[in-house]
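Here's the structure, in C-alpha cells; my notes come after.
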Amino acid sequence: MSAVAGRLRAVPHAQKLLATAAILVAVLVPFYFGKGSPQIDDATLAMAYIGMALGLNLIVGFAGLLDLGYVAFFAIGAFTMGWLGSGFFSQAGGEGVHVLVSEPASNLPGIHMNFLVVIVFAIIFTTIAGMLIGLPTLRLRGDYIAIVTLAFGEIIGRVAINGDELRIGGIWDATIAKLPFFEPIGSAATLTGGRRGITPVDKVDLPFVERFVALDLRPWYFLALAIVLIALFVNFRLRDSRLGRAWIALREDEVAAASMGVPLVKTKLLAYGTGAAFGGASGAFLASYLNTVNADQFQFSFSIFILGMVILGGLGSIWGVVVGAIALSLLNNYFIPDVFNTWPEKVGLDFDLSQLSFGIFGFLLVIMMVLRPEGLIPERRRQLELEEGIGAGATAGAGPTLEGGTGKHGEDVYETRRD
Amino acid sequence: MEAATTTAAKPAAPAPVAVARDFLAKYGLIIFLLAMPIAFGIRDLSAEGDLSRLGNNLVDGVSNGAIWALVALGYTLVYGIIELINFAHGDVFMLGSFVSVGLWGTFALTVATGALGLVVGLVVTLFVAMIATGALNVMIERVAYRPLRNAPKLAPLITAVGFSFILQNVGLLWLGGSPEGVTDLIESQDRFFEVGGVVITNGDALAFTATIPLVLGLTTFIARSRIGKAMRATAQDPEAARLMGINVDTTISFTFLLGGLMAGAAGLIYALYQTTVWYFQGFQAGLIAFTAAVMGGIGNLRGAVLGGLIIGCIQQMSDNRIGGQWTNAVVFGYLVIIMVFRPQGLLGEETREAG
C-alpha cells in the first residue's frame with residue numbers, strides 16, 4: 001500500500017488524476033443504484049462522516065490538539081438544525097417563525113428556517129463553542145487537552161440527554177424576546193428533546209431545486225458530496241495557508257513555534273473553531289437527513305468513531321482521512337450489519353455482531369497503531385517523523401525522542417511538502 | 001506560601017493583590033471544593049436544624065469514593081511511570097466485577113452460606129479477581145503499549161481507547177447489554193451502626209475495611225520494597241534507571257500488575273456494594289476515577305486516594321441534591337475547573353505537562 005502511494009507521489013500529476021477520477025466516480029455512483037437504495041443511504045452517511053473527519057483532522061492532524069470530545073460539535077450542529085428547522089419551539093411567534101421556506105414547512109408552527117440559513121447558524125454556533133472549549137486547554141498540552149475536551153463532550157452529552165428538564169422558554173420570553181426581531185417561544189419550551197429527541201426535522205429546502213424527500217436519496221447524496229467537496233477545498237487551502245503552516249509548526253514543537261512568532265492563543269483557538277465548524281455543518285446536515293436529533297447519538301463512542309477515521313487514514317493527511325472515513329462508515333453501516341453478521345452463525349456461535357461494532361473499531365485502532373501508526377495514506381511529514389522515531393528508539397531506547405520532530409530530515413520535508 | 005513568606009521577610013511589604021493571588025492559587029481549589037458541602041450544610045441547618053443528611057451523604061460519599069480511590073490508584077501508578085492515560089483501566093475494573101460475580105456463581109455463595117463460608121468465599125474471590133485483572137493489565141501493556149513506547153504520545157493513548165472498547169465488548173458478550181442484579185451477599189443496605197442520625201451500612205463498612213489495608217499495603221510496598229524503589233526511579237528518569245541496572249520493562253509491567261490488582265479488588269467491592277454490574281460501569285468509573293486522580297495530582301498516590309474520596313462525596317451530594325442524572329456533568333465540570341485553575345492537582349507538583 002505504501003509502495004503504491006509512494007510511487008503515485010513520484011508522478012506529479014498522478015494524484016490530481018486520481019482525485020478527478022474519484023470525484024467523477026462519486027458523481028456517477030448514485031445513477032447506478034436505485035433512487036432510494038440502501039447503498040446511496042450508506043454513501044450519504046459516509047459523506048457526512050467525511051465532513052466531520054476532515055474537521056477533526058484540522059484539530060488533531062494539523063494542529064496536534066487531541067480532541068476526544070468532537071461529538072460535542074456534531075451535537076451543537078444537529079441541535080441548531082433541530083431548533084431552527086422543526087416544530088420543536090411550537091409556541092414561537094404564535095403562527096411560527098418562517099425564514100425563506102416553502103410549503104409545507106411555511107405553514108407549520110415552530111421555527112422554520114431555510115437549510116442554508118440554518119447551516120450558517122450551525123457554523124457560527126459551533127465555531128463559538130469550539131473556541132470556548134479551546135479556551136481552558138490553552139495552558140495545557142497533550143493528554144490534558146484530550147481530557148478537557150472529553151469532559152466537555154460528556155457535559156454536552158449530558159445536557160442533551162437531560163435538556164428536557166431545562167426550561168429556557170421563561171427566561172427567553174422575559175429577556176431576549178423583548179428585543180426587536182426576537183419572537184417569544186412560550187414558557188414551556190425546553191432546551192432539548194431529551195431521549196425522545198426532536199423529530200421530525202425539516203427536509204432540506206434549497207433554492208431552484210425541488211424539495212428533498214425521504215424516498216429519493218439522490219439529492220441528499222449530491223448535497224453531501226457538495227459539502228465534502230467544499231470541505232476538501234477549504235482543507236487544502238488551509239493546509240497551505242499561513243495559518244495551516246502555523247498549525248503544523250504548533251504540532252511539531254509548541255515552544256519552538258512560539259519563539260518563532262506563531263501566536264499560540266490565536267492559532268489554537270482558530271484550529272478549534274474551524275475544526276468545529278465542519279462538525280457543525282455536517283451535524284446540521286445529518287440531523288435533517290436522519291430526520292431526528294436524538295440525545296443518544298451524542299456518545300463518547302462517536303467521538304472515537306470519527307477519531308478512528310482520522311487515524312486509520314493517516315493523521316494530517318487529507319486524502320487519507322477521506323479514505324479512512326469511507327472505510328469506517330462502510331464498515332459500520334454496511335459490512336458489519338450486512339456482510340459479517342452471518343459469520344458467527346456459520347461458525348456455530350450465537351451473537352449479534354452489529355452489537356460489537358465498537359469492539360471491532362477498538363481492535364482496528366490497536367492493530368493500526370501497533371502495525372502501521374502512520375495510517376493508510378500517511379502524510380509525508382508525519383511518516384518521516386515516525387520513521388525517525390523508530391530509528392532513534394532502536395539505538396537510544398526509551399525517551400522522549402519524538403518531542404522535536406523534523407531533525408535531520410528538516411530540509412527534505414520542506415522540499416517535498418507541496419506534493 | 002513560600003513566595004508569600006519570602007516577600008514578607010523583605011522590608012517592602014508585598015502588594016495586597018499579589019498576596020491575594022498567591023493565596024488563591026494555593027487554596028482556591030480547596031475553598032471551591034468545600035463550597036458545596038458548606039452550602040448544603042447551611043441549608044440543612046436552617047431547614048431541619050441538624051446535619052445528619054449532610055453526614056449521611058458524606059459517609060456514603062466516602063465509602064463510594066473508596067472504590068474510586070482504588071481505581072484511581074491504577075491510573076496514577078501508570079501515569080506516574082509512563083505518562084499514559086490508561087483508558088482501558090476502567091474496563092479492567094469492570095471485568096474484575098464480572099470475574100467476581102462469576103466466581104460467586106461457581107462457589108454457589110448466597111446469604112445462606114453462613115458467615116465463615118462467606119468470608120472464605122469472598123477472600124478467595126478477591127484473590128482470583130485481583131490476579132485475573134492484574135494479569136489482564138500486564139497483557140494489555142505487552143500488546144498495546146510496549147510496542148509504542150517510543151512512538152508519539154498520541155499513539156498509546158489511542159490504543160488505550162481501542163482496548164477500552166475491546167474490553168467493553170468482552171463484557172457485553174459476557175453478561176449482555178443491560179445492568180445485571182447480583183446476589184446481595186452482605187446485605188449492603190442494612191444498618192451496621194448509627195451515630196447521631198448518621199447511618200453506616202454494611203456496604204460502607206465493607207468499603208472502608210477492604211480499602212484501607214489495600215491502600216496502606218500498596219503505599220508501604222512502593223515506599224519500602226526494592227521494586228517499589230525501582231518504580232520510583234523509573235518514574236523519575238527511565239534512562240538513568242536503566243543505567244543503574246534497573247530492568248525498566250519489568251518495572252513497568254509490575255506497575256501495571258499493581259494497578260490491575262487494585263482494579264480487581266475495586267471490582268469485587270463495587271459488585272458487593274452496588275449489587276448490580278454491567279458492561280458500561282467500567283467506562284463511567286474510569287472517567288470518574290481519572291477525575292479523582294487528576295484532582296489529587298496525577299502520579300501522586302495519596303492524591304489519588306484523597307481525590308477519590310472527594311469525588312465520591314461530590315457525586316453523592318449531586319445525586320441527592322441536584323439529581324443523579326446530572327452527576328456526571330457535575331463531576332466533569334469539576335474536572336474542567338481543576339484543569340483550568342490547578343492542573344497539577346491538590347497534592348501534585350508543578351510539572352512540565354501542567355505547564
Side-chain angles (χ1 to χ4, degrees), chain A residues 60 64 66 68 135-137 139-144 146-148 150-159 161-162 165 300-301 304 307-308 311 315 351 355-371 373 385-386 389-390 392-394 396-403, chain B residues 79 82-85 87-88 143-144 147-170 172-173 177 234 238-239 242 248-249 252 283 287 290-291 294 298 323 325-337 339-340 343 352-355:
Chain A
V60 187
L66 182 55
L68 292 184
L135 270 178
T137 69
R139 291 169 59 210
L140 308 170
R141 278 185 217 166
D143 308 342
Y144 280 52
I147 292 308
V148 173
L150 185 147
F152 270 115
E154 290 291 299
I155 291 173
I156 288 181
R158 279 283 129 188
V159 172
I161 287 177
N162 300 318
E165 294 175 7
F300 173 69
S301 44
I304 299 303
L307 184 66
I311 286 162
L315 269 172
F351 61 88
Q355 252 194 331
L356 302 183
S357 52
F358 276 96
I360 296 169
F361 292 152
F363 189 67
L364 268 180
L365 283 182
V366 174
I367 296 284
M368 201 67 203
M369 270 293 139
V370 173
L371 297 182
E385 201 178 307
L386 281 159
I390 289 156
T401 45
L402 278 162
E403 298 291 314
Chain B
Y79 194 88
I82 53 172
E83 296 206 342
L84 160 74
I85 298 168
F87 265 104
V143 176
L148 297 167
R149 197 79 45 82
N150 298 313
K153 279 178 82 175
L154 186 64
L157 194 67
I158 287 158
T159 51
V161 175
F163 240 102
S164 164
F165 280 132
I166 295 175
L167 296 184
Q168 266 177 41
N169 280 266
V170 170
L172 186 68
L173 273 181
T234 312
E239 206 46 47
R242 197 190 299 273
V248 172
D249 280 341
I252 292 175
F283 182 72
L287 290 182
F290 179 76
T291 309
V294 170
I298 196 154
Q325 71 276 32
W326 289 104
T327 299
N328 272 7
V330 171
V331 170
F332 292 125
Y334 269 88
L335 178 61
V336 171
I337 288 165
M339 284 300 204
V340 173
R352 188 180 55 82
E353 258 303 315

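Labels below follow one simple rule: chain letters A, B, ... track the order of the sequence lines, proteins then strands, and each chain is numbered from 1. Just so it is clear, the values below take in all heavy atoms, side chains as well, and ignore hydrogens, waters and symmetry mates.
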Legend entry - With sequence neighbours excluded, residues passing side chain to side chain contact (heavy atoms under 4.5 Å, CB included) with B:Asn328: A:Arg158, B:Gln284, B:Ile288, B:Phe332
Legend entry - Closest-packed option against chain A by number of heavy-atom pairs under 4.5 Å, given B:Leu335, B:Leu148, B:Ile158, B:Val340: B:Ile158
Inset, instruction - Under 4.5 Å heavy-atom distance to chain A, tell me which part of B:Leu287 shows up: side chain, backbone, both or neither. - result: side chain
Legend entry - Non-neighbouring partners of B:Phe283 that pass ring pair (Phe, Tyr, Trp, His ring centres under 6.0 Å), sequence neighbours left out: A:Phe300, B:Phe280
Inset, instruction - Let me know if B:Gln325 has heavy atoms under 4.5 Å from chain A in its side chain, its backbone, both or neither. - result: both
Inset, instruction - Nearest 0.5 Å please: distance from the CG atom of A:Leu66 over to the CG atom of B:Leu157. - result: 5.5 Å
Legend entry - Greatest number of heavy atom pairs closer than 4.5 Å to chain A - which of B:Ala144, B:Ala155, B:Gly177, B:Pro156: B:Ala155
Inset, instruction - For chain B, find which of A:Leu365, A:Val60, A:Ile367 contributes the most heavy-atom pairs closer than 4.5 angstrom. - result: A:Leu365
Legend entry - Contact origin within A:Ser301 toward chain B - heavy atom pairs under 4.5 Å: both
Legend entry - Heavy-atom closest pair, residues A:Leu140 and B:Pro343: CD2-CB, 3.8 Å
Legend entry - Side chain, backbone, both or neither of A:Phe361 within contact of chain B (heavy atoms, under 4.5 Å): neither
Inset, instruction - Considering only heavy atoms and a distance below 4.5 Å, find which of B:Gly162, B:Pro147, B:Ala160 pairs most often with chain A. - result: B:Gly162
Legend entry - Contacting moiety of B:Phe87, where chain A heavy atoms sit under 4.5 Å: side chain
Inset, instruction - Tell me, for B:Ile298 versus chain A, whether the close heavy atoms (under 4.5 Å) come from the side chain, the backbone, both or neither. - result: side chain
Legend entry - When A:Ile304, A:Leu356, A:Leu364, A:Val148 are compared by non-hydrogen pairs under 4.5 Å with chain B, the top option: A:Leu356
Inset, instruction - For A:Phe358 and B:Phe165, work out which heavy atoms get closest and say how close. - result: O-CB, 3.3 Å
Legend entry - Shortest non-hydrogen contact from B:Gly333 toward A:Ile155: N-CD1, 3.7 Å
